[in-house]
Each structure stands twice: as C-alpha cells, then as structure tokens.
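What you see is a predicted model, and the numbers here were worked out from it, not measured in a lab.
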Amino acid sequence: FGQPAPASREVNTLAGVWTGTLTNSPARPNPTPVDVTMEIGALGSAVGSCAAFKTTYREKGAVRGVKDYRLCRDRMPGEFYIDEGGGLRLKTQWLDGSLVTAFRIQKSMLVTHLRVRMGQGNRPVLEEEIFSLDADPQVLNADQQVLNMRVTNLQRLVLRRKASTPATK
C-alpha cells in the first residue's frame, strides 16, 4: 500500500518542461515554424489527482495559442483524463509507454500519441503525434459494416526536456 501503480510512475516520465517544434504533414506552402513548450506536472497517486498539462504555441516569438489543461488520474489503473475545463474531459490511457487519446469533434476524429523516448546522447525526447481524420463515416460494405475514415493531417511535436518540473504558479 502507499505505492503508486506502475502506470502512475510511468506517466510521470512525461513530467517536465519540454521545448521544440511542431510540423504538419502534409506541409502547407511556405509554413511558418511553430515553436512549442509543454509543461507537464508530476501526477499524484490518488484517484482524481491532477497535474499541469499546458502547451504553448509560438510563431516568430509571438504566442499563437495556449492549451492550459490538467492531466488527471481516473479510477482504473492506466486510465487518465485530460481536463480541458468547463466540464470537458477527454479519456486517455497509458498503453505500452504511451499516453493515447482518441476523440471526435463533429465530423473530425483526433488520435494523439504522447511518449518519451531516448534520443541522441541518451537524452529524453518527448514526441507527440496527432492524427486528424475525417470521421464522416462512409459505409464501405453494407455486409461488413466497415467505416472508411481518411487521415487529413498529421501533426508531429518533437521536444527536448528543458527542466525536470514545471514552474509553479
């Protein structure tokens, strides 16, 4: 008793301040580079405990967007949610070393995959891939009920740890 579940310890490998870039595929013509800072706090072991989960996007030094969310522990081991505020919670799971989230907004579906891997010089790299899909289902075969969804965009963030813990407010 008193020890966090394995997924809790593993999810805390994400904790820190991370900086890097975002790329889109397919790329837009003459894209403006997007610099990204992610601030992820260490998550406590109690159900309902939450930590900072903030992403700031900059173009040419100017802030273009901020997602100031919280990552929270759900009831089951390996189950979490991202609290976006206003009652909106996105379920997310810790699967084989990655935080995976999937959700639908109107006719679009997004699947995100966030993980830490060891990069050059054995330094940690935080990678996030965000797949956007056209989720306006088209039945491919009425007998099989196969739904076609087209991937419309892939955003990739590659970030390096700047600090081991985010600054407190």
message: I'd like to know if Arg58 pairs up with Asp35 as an ion pair, taking the criterion as any Lys NZ or Arg NE/NH1/NH2 lying under 4.0 Å from an Asp or Glu carboxylate oxygen.
response: no

query: Would Asp74 and Lys91 pass as an ion pair if we require N to O under 4.0 Å?
result: yes

message: One pair to check against side-chain contact (heavy atoms from CB on, under 4.5 Å): Tyr57 and Val66. What are the steps and the verdict?
response: CA-CA 6 Å; Tyr57 303 89; Val66 176; over 6 Å; no

Gap between atom [atom2] of [Y] and atom [atom1] of [X] - 0.5 Å precision:
X: Leu95; Y: Glu10; atom1: CG; atom2: CD; value: 11.0 Å
X: Leu157; Y: Met38; atom1: CG; atom2: CE; value: 7.0 Å
X: Thr13; Y: Arg117; atom1: OG1; atom2: CZ; value: 13.5 Å
X: Ser108; Y: Asp134; atom1: OG; atom2: CG; value: 6.5 Å
X: Arg150; Y: Thr152; atom1: CZ; atom2: OG1; value: 6.0 Å
X: Leu88; Y: Phe103; atom1: CG; atom2: CZ; value: 8.5 Å

Which heavy-atom pair separates [X] from [Y] by the least distance, and what is that distance?
X: Thr92; Y: Val100; answer: OG1-O, 2.9 Å
X: Pro124; Y: Met118; answer: N-CE, 3.9 Å
X: Ala51; Y: Ala42; answer: CB-O, 3.5 Å
X: Leu71; Y: Phe53; answer: N-CB, 3.6 Å
X: Arg73; Y: Tyr81; answer: O-CE2, 3.8 Å
X: Ser45; Y: Ser49; answer: N-OG, 4.1 Å

- request: Determine the sole option in Glu129, His113, Arg115 for which the side chain to side chain donor-acceptor pair (under 3.5 Å) test with Ser98 is passed.
  value: His113

message: Main chain of Glu84, side chain of Arg89: is a donor-acceptor contact present, judged purely on distance under 3.5 Å?
response: no

Give the table of side-chain donor-acceptor pairs shorter than 3.5 Å for residues 15-25, with sequence neighbours excluded, one pair per line with atom names and distance.
from, atom 1, to, atom 2, distance (Å)
Trp18, NE1, Leu14, O, 2.9
Asn24, OD1, Gln155, NE2, 3.3

Between [Y] and [X], is there a side-chain heavy-atom distance shorter than 4.5 Å?
X: Met149; Y: Met109; answer: yes
X: Phe80; Y: Leu99; answer: yes
X: Leu133; Y: Val111; answer: yes
X: Arg64; Y: Val34; answer: no
X: Ile130; Y: Leu154; answer: no

task: Begin with the C-alpha distance, continue with both residues' side-chain angles, and end with the deciding distance and a verdict on side-chain contact (heavy atoms from CB on, under 4.5 Å) for Thr55 and Val36.
output: CA-CA 7 Å; Thr55 307; Val36 178; 3.7 Å; yes

query: Tell me, which pairs form a disulfide (SG to SG under 2.5 Å) where one or both residues lie in residues 37-80, sequence neighbours left out?
result: Cys50-Cys72

Pairing residues for Arg161 by the salt bridge (Lys or Arg N to Asp or Glu O under 4.0 Å) criterion, not counting sequence neighbours: none

query: Do Leu90 and Ile40 belong together in a cluster built from hydrophobic side chains that touch within less than 4.5 Å?
result: yes

